[in-house]
Amino acid sequence: MERDQDTPAHTGSPTATGQETSPTTELVSHEPRPEKHPVGRRPWSARQIPAAVTALILAGAAAILLFDVARVRSGRSAAAWRRRLADELAARPLDDTFIQIGGGVIAALGLWLIILALSPGLRRQLPLRTPGPRMAAVLDRTAAELQMRDAAMRVPGVSAARVKFFQHRVAARADVRFRAPADVQADLQTALAEQLDRLALARPPHLDVRVRPRSK
């Protein structure tokens, strides 16, 4: 007696290329890929003091001018300061010294406000590298200078060290009590470069290392 042999059923549905798709492969393919170059941004300053001063000055000037306009509308004469200001502006030419000084001051204040609006501020905080753009981490500039100074003091031959962070460079100055200054400078350059790398700054500045010999 012959027995019918059933063909085994396929558990996975074939794709267009004839290959089966694994659920694990689908999950892995849809996972977000980590960024190759971590970034770090400086947080923006609230600038409460400049904003408050600017708002108070504008509000005070607008209130004084509005009060004088309301007086004129009510039938009274304009204030003496406004009549004198109008006469001076009408009589003085554009090349007058007071007009040029006043225009320069106003232009400088406007430029200062534009720079404040376009720059993040908080220069005392150094941005650190982060794994994603939505994360922000900063390091205080004084703390970074202390860590770099401690790394410089661990170099043999260095008796005193001063480290200062600027926008694009780090200035390190060290006094050498013993050993050759060239050897101390080379070791100091290496030690400070390693410490700067451990700080994980988003934009590592350039190292400017200088040594000077000191007598005992």
Side-chain angles (χ1 to χ4, degrees), residues 28-29 31-54 101 104-216:
V28 173
S29 61
E31 288 182 355
R33 297 180 179 179
E35 296 184 1
K36 295 182 180 180
H37 302 284
V39 295
R41 297 180 180 179
R42 184 187 303 164
W44 283 73
S45 173
R47 294 188 177 91
Q48 298 178 356
I49 296 179
V53 171
T54 304
I101 292 176
V105 171
I106 294 175
L109 290 176
L111 181 61
W112 177 60
L113 293 176
I114 292 175
I115 293 175
L116 289 180
L118 297 180
S119 60
L122 298 178
R123 296 189 176 276
R124 298 298 304 173
Q125 296 182 358
L126 304 174
L128 302 179
R129 293 194 297 265
T130 55
R134 295 186 178 181
M135 298 180 60
V138 294
L139 177 64
D140 185 72
R141 187 185 297 267
T142 303
E145 293 173 351
L146 290 176
Q147 293 187 25
M148 294 288 287
R149 189 196 65 181
D150 293 342
M153 292 298 298
R154 289 192 292 267
V155 175
V158 175
S159 60
R162 297 166 300 280
V163 179
K164 184 69 175 178
F165 270 80
F166 296 95
Q167 185 174 2
H168 299 293
R169 69 184 181 95
V170 178
R173 304 293 181 262
D175 297 338
V176 180
R177 290 292 184 180
F178 60 93
R179 297 181 63 198
D183 297 339
V184 175
Q185 183 173 3
D187 294 344
L188 187 61
Q189 182 81 25
T190 303
L192 292 180
E194 293 177 354
Q195 182 63 36
L196 187 62
D197 185 66
R198 284 193 291 267
L199 292 180
L201 298 179
R203 292 179 290 272
H206 173 70
L207 271 175
D208 182 16
V209 180
R210 298 181 184 180
V211 299
R212 57 181 179 180
R214 286 290 185 181
S215 59
K216 296 181 180 180

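It should be emphasised that the depicted structure is a prediction, and the values quoted were computed from it without experimental measurement.
Taken from CG in D140 to CD in E145, the straight-line distance is 8.5 Å, to the nearest 0.5 Å. Between the NZ atom of K164 and the CZ atom of R173 there is a distance of 12.5 Å, given to the nearest 0.5 Å. Atoms CG and CD, from L207 and Q195 in turn, are 11.0 Å apart once rounded to the nearest 0.5 Å.
Annotation: side chain of P205 is in contact with side chain of F165 (closest heavy-atom distance under 4.5 Å).
Taking each heavy atom of A172 and V163 in turn, the nearest pair found is CB-CG2, 4.3 Å. Of all the heavy atoms in M148 and L196, the pair that sits closest is SD-N, 3.9 Å. Across all their heavy atoms, L199 and L128 have their closest contact at O-CD2, 3.4 Å. Closest of all the heavy-atom pairs between V158 and A174 is CG1-CB, 4.0 Å. Scanning both residues, D187 and R179, for their nearest heavy atoms gives OD2-NH2, 2.6 Å. Taking both residues in full, the closest heavy atoms of A191 and A151 are given as CB-O, 4.3 Å, listed atom of the first, atom of the second, then distance.
Here the side chain of R169 pairs no donor or acceptor atom with the backbone of D208 at under 3.5 angstrom.
Atom CZ of R162 has more than 12 neighbouring heavy atoms from other residues, nucleotides or ligands inside a 6.0 Å radius.
Salt-bridge annotation for D175 and R177: absent, with no side-chain N of the basic residue lying under 4.0 Å from a carboxylate O of the acidic one.
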Problem set entry | L192/V170 under side chain to side chain contact (heavy atoms under 4.5 Å, CB included): CA gap, chis, key distance, verdict | CA-CA 10 Å; L192 292 180; V170 178; over 6 Å; no
